[in-house]
Amino acid sequence: FGAKVANVALRVPSILLLDLLYKCDIDGLTEQLKAKNEDMLFKYKYVIWNMYYIGHLLNVVVLALPLRHIVMLYLHILAALLLYMGHQISKDYVREELRYGYEGAVYLDSLAFNRFVTALTSQIILSTLCAFLMKTRQVWLFSAHMLPLLARLCSVPHAKLLTVNAFSMGLTGSGIVIFLLSNLFVPYRLARAAYLELLQVIELYRLLAMGISLWNQFAVPVLFSVFWFVLFIVQLCSNAMSGNAASAAHQGILFFLLTSVSECCATPYSLLGLTFVVSYLALGLLNLCKFYLGGYAAVQNENVMHRGVTEGVTLLLLALQTGLLDMQALQRTFLLSIILFIVVTSTLQSMIEITDPIILALGASRNRSLWKHFRGLSMCLLLLVFPVFMAYKISLFFHMDFWLLILVSSCMLTSLQITGTMLIYSLFMVELFCSDPIESLDEVIYWVNAVSRVLEFVVALCVVAYGTWESLFGEWSWMGASVIIIHSYFNVWLRGQSGWRSFLLRQEAAKKINSLPKATAQQLQQHNDVCSICFQEMSSAVITYCRHFFHGNCLRKWLYVQDTCPLCHQTVRPSPEDLSEASGDAPAERDDGPEPFAQEEQENQDSSESQESQNEDATPDPT
């Protein structure tokens with residue numbers, strides 16, 4: 001666990017520096033430069049741009065280093081900072097001695113002795129820490145900053161202390177330079193080793209597997225999420241200290257938070273971090289919904305579509321498509337609020353997909369647990385009210401146009417879907433409290449679903465009609481036309497086609513059921529079996545062309561899904577008698593029994609007897 005935390009925490013500063021470098025206005029900085037002539041100005045600009053690119057390169061290299069090398073790099077940086085702190089302590093001590101003016105032995109003056117002991121103790125601690133970080137017992141290698149104190153202990157004149165201090169700083173700087181030169185080719189060796197390892201991984205696991213391995217090794221989602229949270233906390237503190245909190249009290253805390261979020265997505269790095277944060281928040285919300293409805297077991301049952309990836313990708317694509325990064329702060333705040341509204345709507349749709357089967361299963365399974373029913377109904381009530389509240393709030397901030405109508409219509413569709421689910425659940429509960437089952441319950445449920453789908457179709461059609469009207473007689477744009485075409489295809493054409501296909505399937509199933517003969521009481525007694533679909537006793541049944549008995553309602557429900565017999569998988573088709581009636585050659589009377597089957601059996605028997613007699617005639621006489 002500690003290695004995972006270090007792997008993320010030690011890479012965050014590199015992303016913070018990359019984000020800071022991206023925000024730097026190099027063009028504005030170079031325009032403010034002043035030089036004696038144009039040649040010097042060009043050299044200054046050249047140096048600044050090179051430093052800018054080298055900074056990017058170094059941070060990317062540090063970001064891609066293995067964890068052990070990053071730890072070593074941070075240890076060296078920390079040791080360098082400790083050495084710098086030691087020299088600052090020595091410099092301050094020398095200045096205090098010069099200001100105090102006492103040149104005698106330090107142990108003869110109490111104030112001088114106290115200053116000396118304090119500085120010496122600090123220097124010893126710093127030298128010991130440096131040796132500990134570099135994993136060596138040679139503490140003297142990190143003790144050059146103690147030379148001014150030793151010189152003062154030897155009663156060196158004050159005029160010489162500044163020289164000794166400068167010499168100690170030069171000695172430390174020389175040591176650092178020697179260390180850097182001795183490790184000059186370490187980056188090359190690391191890059192070469194990484195390149196060879198990369199080639200080996202590509203040969204073994206191919207490029208996709210290598211990408212997945214690096215993604216998991218660097219913990220990219222967690223890394224960028226932590227980076228964004230650090231950036232967001234810093235921005236909140238900055239806004240609070242700059243006095244924006246007072247203005248937020250008048251504008252509302254929500255606007256204050258949205259402003260802070262928009263300021264934390266002004267670069268590609270921060271936008272990517274916000275994408276992962278939104279994805280994790282959506283995943284947490286969906287898991288919370290699952291846990292509330294079904295407990296811990298429901299959370300373990302993962303669905304690929306309910307991992308929050310859809311919400312994160314939606315945010316990223318909308319931000320890139322609308323040019324969020326290039327906008328000013330206020331414009332970015334309003335656009336981000338719309339994008340987050342769409343993301344929340346997508347999350348609510350995923351919550352409906354989780355809630356719908358659970359609440360219907362509670363009603364259909366006759367579960368009498370009041371707590372489970374309360375959880376399901378409360379979640380349905382939340383999904384019914386919250387989209388309406390969101391639509392009302394966003395309509396207060398923006399003028400009604402095509403884009404706002406799409407947002408509001410998505411909330412209306414969400415409420416319509418959950419309303420249909422609650423109506424079907426109510427029908428199941430009504431049947432639960434009835435003494436006898438409702439025969440036509442399936443038809444009622446179908447018509448409830450049909451009305452809900454028709455209303456959704458009408459809402460989608462209204463959105464398309466309004467968008468077309470606005471494009472023809474208002475402001476036309478390629479973006480608006482593209483959205484209208486996509487919306488027309490997916491939400492109007494495909495929705496209408498699916499509903500019409502479902503209607504035709506039900507009509508065909510009803511026609512097949514009505515054409516099948518009904519079994520008599522004598523046939524049911526001879527059959528003496530249960531319905532193979534519902535496993536219930538049969539007081540009435542229909543007989544298929546393949547001589548199987550089923551409840552009429554059960555077989556109709558089956559035919560809604562597929563048109564084959566549940567037992568032998570032959571195609572269920574109208575009986576021959578029904579076909580003859582349709583052609584006008586049907587007999588005048590029709591018995592209750594399945595005469596076509598008896599007739600077919602007789603014909604098959606006659607055919608087999610005729611075939612046997614032909615075989616006997618064709619057999620040669622052995623005598």
Side-chain angles (χ1 to χ4, degrees), residues 4-20 22-23 59 63 214-240 248 253-291 299 302-327 329 331-351 354 386 390:
K4 293 181 179 179
V5 173
N7 187 41
V8 172
L10 296 181
R11 298 183 195 274
V12 169
S14 298
I15 307 180
L16 286 171
L17 290 176
L18 286 172
D19 185 77
L20 186 62
Y22 188 89
K23 292 179 180 179
N59 282 284
L63 187 63
L214 292 177
W215 181 278
N216 296 327
Q217 180 180 352
F218 292 142
V220 175
V222 179
L223 175 62
F224 276 90
S225 299
V226 173
F227 151 71
W228 191 86
F229 269 117
V230 171
L231 201 65
F232 181 65
I233 292 173
V234 171
Q235 188 64 46
L236 279 180
C237 297
S238 176
N239 290 341
I253 187 65
L254 182 61
F255 183 79
F256 176 72
L257 292 176
L258 282 174
T259 303
S260 301
V261 171
S262 67
E263 291 174 352
C264 293
C265 59
T267 65
Y269 308 104
S270 55
L271 179 60
L272 196 58
L274 179 61
T275 299
F276 288 116
V277 168
V278 168
S279 181
Y280 276 119
L281 290 177
L283 176 61
L285 189 60
L286 295 178
N287 284 337
L288 183 62
C289 177
K290 291 179 183 178
F291 180 77
V299 179
E302 291 188 359
N303 188 336
V304 178
M305 300 303 295
H306 298 156
R307 293 182 179 177
V309 179
T310 304
E311 289 75 12
V313 172
T314 301
L315 172 72
L316 182 61
L317 292 179
L318 289 175
L320 295 177
Q321 186 179 13
T322 54
L324 183 70
L325 299 178
D326 300 328
M327 294 183 176
Q331 294 177 338
R332 191 164 58 242
T333 300
F334 281 101
L335 180 59
L336 184 64
S337 64
I338 296 176
I339 294 176
L340 291 177
F341 183 91
I342 297 173
V343 170
V344 172
T345 305
S346 175
T347 307
L348 292 176
Q349 187 64 39
S350 299
M351 292 176 66
I354 295 171
F386 189 68
M390 287 174 56

Strictly by salt bridge (charged side-chain N to carboxylate O under 4.0 Å, His left out), give each pair with a member in residues 8-20 just once, sequence neighbours left out. Asp19-Lys23
Once rounded to the nearest 0.5 Å, what's the spacing between atom [atom1] of [X] and atom [atom2] of [Y]?
X	Y	atom1	atom2	value
Leu288	Met351	CG	CE	7.5 Å
Leu274	Cys265	CG	SG	5.5 Å
Ser270	Leu18	OG	CG	12.0 Å
Leu285	Glu311	CG	CD	9.0 Å
Leu10	Leu63	CG	CG	11.5 Å
Leu340	Thr314	CG	OG1	11.5 Å

Can you run down the side chain to side chain donor-acceptor pair (under 3.5 Å) pairs that involve residues 274-289, sequence neighbours left out, and say none if there aren't any? none
Scan for side chain to side chain donor-acceptor pair (under 3.5 Å) pairs involving residues 332-344, sequence neighbours excluded, and state none if there are none. Ser262-Thr333
Least distance between heavy atoms, [X] atom then [Y] atom:
X	Y	answer
Ala282	Gly308	CB-CA, 4.0 Å
Leu258	Leu336	O-CD2, 4.5 Å
Leu315	Ile339	CD1-CG2, 3.2 Å

When Ile15, Leu17, Leu16 are each screened for side-chain contact (heavy atoms from CB on, under 4.5 Å) with Asn59, the one that passes is Leu17
Kindly check if the number of other-residue, nucleotide or ligand heavy atoms within 6.0 Å of CZ (Phe334) is above 12? no
Quiz: residues 222-229 side-chain donor-acceptor pairs under 3.5 angstrom, not counting sequence neighbours:
{"from": "Ser225", "atom 1": "OG", "to": "Pro221", "atom 2": "O", "distance (Å)": "2.7"}
{"from": "Trp228", "atom 1": "NE1", "to": "Cys264", "atom 2": "O", "distance (Å)": "2.9"}

For Tyr269, give me all partners under ring pair (Phe, Tyr, Trp, His ring centres under 6.0 Å), at least two apart in sequence or on another chain. none
What pairs with Leu320 under side-chain contact (heavy atoms from CB on, under 4.5 Å), at least two apart in sequence or on another chain? Leu271, Leu316
Would the distance check show the side chain of Ser346 and the main-chain N or O of Ile342 forming a donor-acceptor pair, the cut-off being under 3.5 Å? no
